[in-house]
Each structure stands twice: as structure tokens, then as C-alpha cells.
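Structure first, commentary second.
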Amino acid sequence: MQIYEELVARGLIAQVTDEEEIKELINNGKATFYIGFDPTADSLHVGHFMALSLMKRLQMAGNKPIVLLGGGTGLIGDPSGRTDMRSMMTLETIQHNIDCFKKQMERFIEFGEDKAIMVNNADWLSKLNYIELLRDVGVYFSVNQMLRAECYKQRMEKGLSFLELNYMIMQSYDFYYLYKNYGCNMQFGGDDQWSNMLGGTELIRRKLGKDAYAMTITLLLNSEGKKMGKTAKGAVWLDPNKTSPFEFFQYWRNIGDADVLKCIRMLTFLPLEQIDAMDQWEGSQLNEAKEILAYELTKLVHGEEEAQKAKNTSHALFAAGTDDANMPTTEIENEQLTNSAIGIIDLLVLCGLSASKSEARRLVQQGGVIINDTKVESIDDKITVEQLQNSVKIRKGKKTYHKALMK
RNA sequence: GGAGAGGUUCCCGAGUGGCCAAAGGGAGCAGACUGUAAAUCUGUUGGCGACGCCUUCGCAGGUUCGAAUCCUGCCCUCUCCA
């Protein structure tokens, strides 16, 4: 099976500008393609991960990837598919985010001569001259068409600033620039980037009379149509300091039944035959599939050792219910004790298991706190130094475990 | 620039002088049921030294015994006109 066919089989392709041509290019390793990453945060997330895996897949098939860091476009902010404007970032923040991105990317993609290259669009975008740009590039864009673009739909109600409207032009210019200077003939990206990407192919056609291609990756949606890779607290990050390998593992371990196979297919590098075999699984057998998914992804992102650890912790907690060394731990200082003990409410707050004492009280009153396998019955319960010296296992709800011990 | 509408708690959205820490829904959290799933049901969702007190309804002032609600100024958004 060739790479294009594999991408289709994995359900990764959302839209393409010219199927035959793209198939021909990537199946024969003739594509030089780019994917843009705007430095919107100090860590990559699952959406970026998908793009990077696609990049890796194509690289393995002999194509040449260009990672484009959006040092310039990040200054503008992509309005695509958003209901409100992104907050403006300072140059320093953007630079910091770019540095963070670089480090994480090097884990996935091989950079170097004849391998992948990395560029920053600040290098050319920030040098543009307004009047020149308007005359050279601006003429080729129809405002009427831009406003009709799907990605701005939501913004037509809430308001779209001129700054943001220009995002599409910048991204189109990037493609044009890379085409001219790096022979980049293809752009990939999330499906929400479709309009922006078409802007680029159109610009190349109009300015150079050449064809370039674009292809989008299916957005990872769950069976309810919501974007995956997000929790109530925010994105699932690839940075272990923002989302620990265990949390990361658990996120995938707890995926809905209806979404497991799709995720395995789209996100892992497991052979398709093996995945097709899992397709038959039903009911609680899916737990096994979820574990495979969680393990594979944790391995890709955090390495085999961390993946194994996360898996062990998960087993220890949910299967056996015993203690484990990898549990998040809070050390209690002497000053935090009164009469050689600490109230359960204070302890919960201290460990970050509750945002406030009120929340902690509620939690206890609703029977959601278990200490060392015993349910806490009263909000006045105390934990003594002796207990803390041996370490105390706190369980909040069904899935959150924490350990507290004396420093 | 002109005319109109509007900014409410995590989000949507009610409330137009006291009964408002603010309806309803969504989302979250906890409990039951389960397979660490989904669906469903129940409770809960500003803070604290908690039958009380403090902070919150765009921002800053003012009127009043009392303001999310009335007045003044400012900021922001949308719609129509230019």
C-alpha cells in the first residue's frame, strides 16, 4: 500500500485540491511540503501532534518536509473558525514559544541536510513593505471572496478586525515564498486551514502561473462532534510539565468507546492489518484497545520508558488499587501543621485537589474523598504527622490519586 | 461621523430599585449504575473564621435607607446609514 492510500485508509485526509496530482507526488517522494505552526502557546498539543505524525509519515515515504514556525503570522493571529479574537502576543512570548516548539519537534522529525528543514516566517514577513505588498499581493485577493470563506463565518457575526483579515494573506504569501525559494509544492494543515491554504495556491497560480497543491487533515472529532485533545482544564499538552505522561496516558485510556478505533487508526503508527483486527472488538474488550492507544501515543510523545511507567501506574491504581511510586506527590512542611496534624480540608487544598476550601468541603460532604482506602466522613477529620510520615494516599473521586507526606 | 442595540457568574442567557450570590440551559465536579466507556438518575457549582460576613453583573463616579437594575462620564462590540 502506498502512502496516499494509507492516509486515506487511516481516515486522515479531509480535503485535497487535486487528488491525482497529489497522489502522484507523495507516492513517489516528489513532494516538498510545508506545515505551518503558529506559536500560540509554550507547548505543542494533540492537534500539532497529528500534523507532525503526518509529516513523519510523508518523510518516511521519501518526501521532504518543511516545518514553518509562525513567528510572523503569530503576531497577527489566525481568526479561522474562532468566535473571538486571539489575544495579542508580545515578541518575547512568541520567541519563547518558538523555542519550546523547536525542542519538542526535534523528537519527532529528523532535521538536517536532505531531511527536514525548519524556517520561521518572521524572517520574510517582518521585512515586507506595506505599499509594495498591497501592490504585489493585495491585488490578487478579492475581499468579496475572502469574506465568503467558511473560516470567517462565525466572525461575521461577532466582528473581524482588519488585522485578522490579513492573516490569510500572510499565510498565502508564506506558501508563495516557500514555493519560490524552497521549491515547496504542497501545503498540509488542519482542515480549518483550508481557506488559507487555497489562498496560497491561488496566489502562486496568479503570480507565477504555476500549480501548487494543498491537502488538509481531518480534524480529530469525537463521536459527538467535539474537538478531541481537550479537557475542561484546557488542551492536552505534549510538554510533560504541563500534562504529565500519566495524565496524557489517562486521557487516551478514558476515551469513549465510539472513538477508540478511529484514534488508533489516525494517531498511531500501528500497521493497518493489526488495527483492522481490533475493529471486531466490542464491549469491555475495548478497554484493551484503549490501553493500546494510550500506550502507543504516550510512547510516541514521551518515550517507551514513560509509557511503561504510566501504564504500570494506571494498572496499579485501577486494577489493584494499591499505592504506586508514580503518583503525584505533595510534601507537607512542618509549619503547615497545627498540633501535629492537618485538617482534611486544608490538605485537599494544599495538594491542589480543590481550588478552594469551599470546594474541598463540598467534595468531602458528597463522599468524594478517600484517604488510605477509607472514606472521609467529616470535614473536621484530621491527618496526623505520624500518618504523613508514612505517606498518605488521597483519592478524589474515581480517577484522581495523590500522595501526601512530610517533607 | 450619525442612529439604534448590547456588555451579567466557566460559557450561553434571564433579571430593569429591596424577596439577587443572581432563573434556566450547557459545561464541570461528586454520588449511584458500569468496563477507568457511553447513556441515565441524584446532588452540587463565588469566597471565608458559614444560620453570619466579604467580593461579583464592562470601567469610574453619583442618586438612594438600599443598585446588576436609576443618573453622568468613559471603554468595548454588533446592526443600519455615511
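Quick note on labels: first sequence line is chain A, next is B, and so on, each numbered from 1.
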Just compare [options] and give me whichever is closest to any side-chain atom of [X].
| X | options | value |
| --- | --- | --- |
| A:R362 | B:U36, B:U45, B:G43 | B:U45 |
| A:K398 | B:C48, B:A32, B:A37 | B:A32 |
| A:R253 | B:U36, B:C29, B:U45 | B:U36 |
| A:L286 | B:U36, B:G35, B:G47 | B:G35 |
| A:L363 | B:C29, B:G49, B:U36 | B:C29 |
| A:S358 | B:G49, B:G47, B:C29 | B:G47 |

Euclidean distance, atom [atom1] of residue [X] to atom [atom2] of [N] [Å, nearest integer]:
| X | N | atom1 | atom2 | result |
| --- | --- | --- | --- | --- |
| A:Q365 | B:G43 | CD | P | 16 Å |
| A:E359 | B:G28 | CD | C1' | 10 Å |
| A:K375 | B:A30 | NZ | P | 13 Å |
| A:K396 | B:U36 | NZ | P | 19 Å |
| A:I379 | B:G49 | CD1 | P | 10 Å |
| A:N254 | B:A39 | CG | P | 13 Å |

Q) Are the side chain of A:N27 and the backbone N or O of A:Y4 linked by a donor-acceptor pair below 3.5 Å? A) yes
**Q.** Residue pairs fulfilling salt bridge (Lys or Arg N to Asp or Glu O under 4.0 Å) with at least one residue in residues 100-109 of chain A, sequence neighbours excluded
**A.**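 Not a single pair qualifies under salt bridge (Lys or Arg N to Asp or Glu O under 4.0 Å).
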Q. Are any of A:K399's side-chain N or O atoms less than 4.0 Å away from OP1 or OP2 of B:A37?
A.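 A:K399 to B:A37 OP1/OP2: side-chain N or O found under 4.0 Å.
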**Q.** Short side-chain N/O contact to B:G49 OP1/OP2 from A:K357, under 4.0 Å
**A.** yes
Watson-Crick or G-U wobble partner of [N], both distances under 3.5 Å:
| N | result |
| --- | --- |
| B:C70 | B:G62 |
| B:U77 | B:A5 |
| B:G43 | B:C29 |

Q) Mind checking whether A:F248 and A:Y251 have ring centres under 6.0 Å apart? A)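 No, too far apart.
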Q: For RNA chain B, find the residues of residues 276-284 of chain A with a heavy-atom distance under 4.0 Å and give them by number; none if there aren't any.
A: A:G283, A:S284
Q) Think A:K311 forms a cation-pi with A:Y295, using NZ or CZ under 6.0 Å from the six-ring centre and within 45 degrees of its axis? A)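 Yes; both conditions hold, so A:K311 lies above the ring face of A:Y295.
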Q.
Assess whether a salt bridge exists between A:K393 and A:D373, defined as any Lys/Arg side-chain N lying under 4.0 Å from an Asp/Glu carboxylate O.
A.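 Result for this pair is yes, salt bridge flagged.
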Q: Before accepting this row, confirm whether a basic side-chain N of the pair A:D276/A:R265 lies closer than 4.0 Å to the acidic partner's carboxylate O.
A: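 Salt bridge: yes.
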Q.
The test is salt bridge (Lys or Arg N to Asp or Glu O under 4.0 Å); show your working for A:E359 and A:R362 and say whether it passes.
A. CA-CA 5 Å; A:E359 195 181 298; A:R362 230 174 276 135; 5.0 Å; no
Q: Could you tell me how the ring of A:W124 sits relative to the ring of A:Y177: parallel (under 30°), tilted (30 to 60°) or perpendicular (over 60°)?
A: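 Geometry flag for A:Y177 against A:W124: parallel rings.
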Q: With RNA chain B as reference, determine whether A:V349 or A:G256 sits nearer its 5' end, using the nearest nucleotide of each.
A: A:G256
Q: For A:N287 and for A:R361, locate the closest nucleotide of RNA chain B by heavy-atom distance; then report the residue assigned to the nucleotide nearer the 5' terminus.
A: A:N287
Q.
Whether the side chain of A:Q366 and the base of B:G43 hold a donor-acceptor pair under 3.5 Å is what I'd like checked.
A.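 Indeed, a donor on one side and an acceptor on the other fall under 3.5 Å apart.
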